[in-house]
Amino acid sequence: VIMMNNDGGAAELGREIRRAVARAYGWPGFLLDPLRPVRGASTLLADIEGRYQRGTDAVLQFRRGRGAFAAYLEEVISEGLGVGVPILAVPIGRDSIGFTDFPGTAVVQRDSVGRVVGLRIPYADRPIPRLTPERQLPGELMRAGRWPEAEAAYRGLALDESRITYMAYTLLRRRPATDSDLQSARVLLTVADAQHPTSAVVQVRWAEYHL
């Protein structure tokens, strides 16, 4: 058991400890196979750079990283709540990508002229499409401070009561909560109020917002 007092920034340290213990004791299944970048890795990395839609309001973003193999960092932007813990991504085949501490391989999907149009990632039931620069998901609009557009986009999603109030709850719990956090929570609660007018949870979240 590895116990830590942080569930965000300490995540990578926790994985390092687990790897060290597994290596010392020879535990099978705890260590992934080494990632060996292929020749021409930088070309594939240039091809896949961009944003991909993982869900209704979740983005996987590949950005060029540093290092001898120009590895990428995978960042998850989900439901307007911020950027997740980066994961190092390494090209291990002509059109395949491996991840540090993440089992499985992502496979690049191309169109008839060779342009990358999507990725098939582990545990996803279908390929995730590549987003054009002008296509912004609701959470991205909210993070950019485009409040009226974000509100209209969230109204179109018709999120269930639990999901939208949890998003507001997460924003309101941040310490310190920024003006952007509060405005984002207000957008979500305005939509939740309109779509779930009899919800007691929505009213509790409003109370937390005003407090």
Side-chain angles (χ1 to χ4, degrees), residues 1-137 139-140 143:
V1 177
I2 302 170
M3 298 183 67
M4 313 186 84
N5 65 349
N6 187 304
D7 62 358
E12 187 61 37
L13 176 59
R15 289 194 286 262
E16 284 290 341
I17 294 171
R18 188 181 69 230
R19 282 192 291 260
V21 173
R23 189 175 293 110
Y25 286 90
W27 290 346
F30 278 79
L31 294 172
L32 301 178
D33 293 334
L35 297 176
R36 297 183 173 87
V38 296
R39 186 183 300 275
S42 58
T43 300
L44 177 58
L45 292 172
D47 287 348
I48 66 171
E49 188 166 18
R51 298 157 47 251
Y52 298 80
Q53 185 174 357
R54 186 171 185 176
T56 55
D57 193 24
V59 174
L60 295 184
Q61 181 165 314
F62 285 86
R63 294 179 179 173
R64 187 178 300 276
R66 299 178 180 177
F69 302 104
Y72 267 65
L73 292 178
E74 175 195 46
E75 295 182 333
V76 180
I77 304 172
S78 183
E79 298 174 343
L81 301 181
V83 179
V85 177
I87 302 171
L88 193 63
V90 180
I92 57 175
R94 180 181 177 276
D95 270 337
S96 58
I97 304 157
F99 304 96
T100 57
D101 258 320
F102 188 74
T105 300
V107 178
V108 173
Q109 309 285 304
R110 297 181 183 269
D111 62 15
S112 58
V113 297
R115 291 174 300 196
V116 175
V117 294
L119 295 171
R120 183 173 290 280
I121 62 173
Y123 315 117
D125 56 359
R126 61 177 64 88
I128 60 174
R130 188 175 198 164
L131 290 165
T132 58
E134 63 273 10
R135 173 82 189 282
Q136 299 287 306
L137 299 188
E140 293 180 299
R143 283 167 53 82

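Put simply, the side chain of I121 reaches to within 4.5 Å of the side chain of R54, judged on heavy atoms. Looking only at side-chain heavy atoms (C-beta outward), L44 and V108 come within less than 4.5 Å of each other. Counting heavy atoms from C-beta on, the side chains of R94 and V38 never come closer than 4.5 Å. Residues I128 and Q53 fail the side-chain proximity criterion, which asks for heavy atoms closer than 4.5 Å. P37 is not listed as a side-chain neighbour of I92, based on a closest heavy-atom distance of 4.5 Å or more.
Closest approach of R110 and V117 over heavy atoms only: C-CG2, 4.0 Å. Closest approach of D57 to G139, counting heavy atoms only: OD1-N, 2.7 Å. In terms of heavy atoms, L137 sits closest to T56 at CD1-O, 4.2 Å.
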Quiz item: L131 and Y52: side-chain contact (heavy atoms from CB on, under 4.5 Å), yes or no, with the steps?
Solution: CA-CA 5 Å; L131 290 165; Y52 298 80; 6.0 Å; no
Exercise. Decide yes or no on side-chain contact (heavy atoms from CB on, under 4.5 Å) for D95 and Q109, but give the supporting numbers first.
Key: CA-CA 8 Å; D95 270 337; Q109 309 285 304; over 6 Å; no
Quiz item: Could you go step by step and tell me if I97 and I48 meet the side-chain contact (heavy atoms from CB on, under 4.5 Å) rule?
Solution: CA-CA 10 Å; I97 304 157; I48 66 171; 3.4 Å; yes
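To the nearest 0.5 Å, the span separating CZ on R19 from CH2 on W27 amounts to 14.5 Å.
For the pair R130 (side chain) and E49 (backbone), a donor-acceptor distance under 3.5 Å is present. At least one donor-acceptor pair closer than 3.5 Å links the side chain of Q136 to the backbone N or O of P133.
In this structure, E140 does not pair ionically with R143, as no charged nitrogen and carboxylate oxygen lie closer than 4.0 Å. Ion pairing of D47 with R115 is absent here, as no side-chain N (NZ or NE/NH1/NH2) approaches a carboxylate O to less than 4.0 Å.
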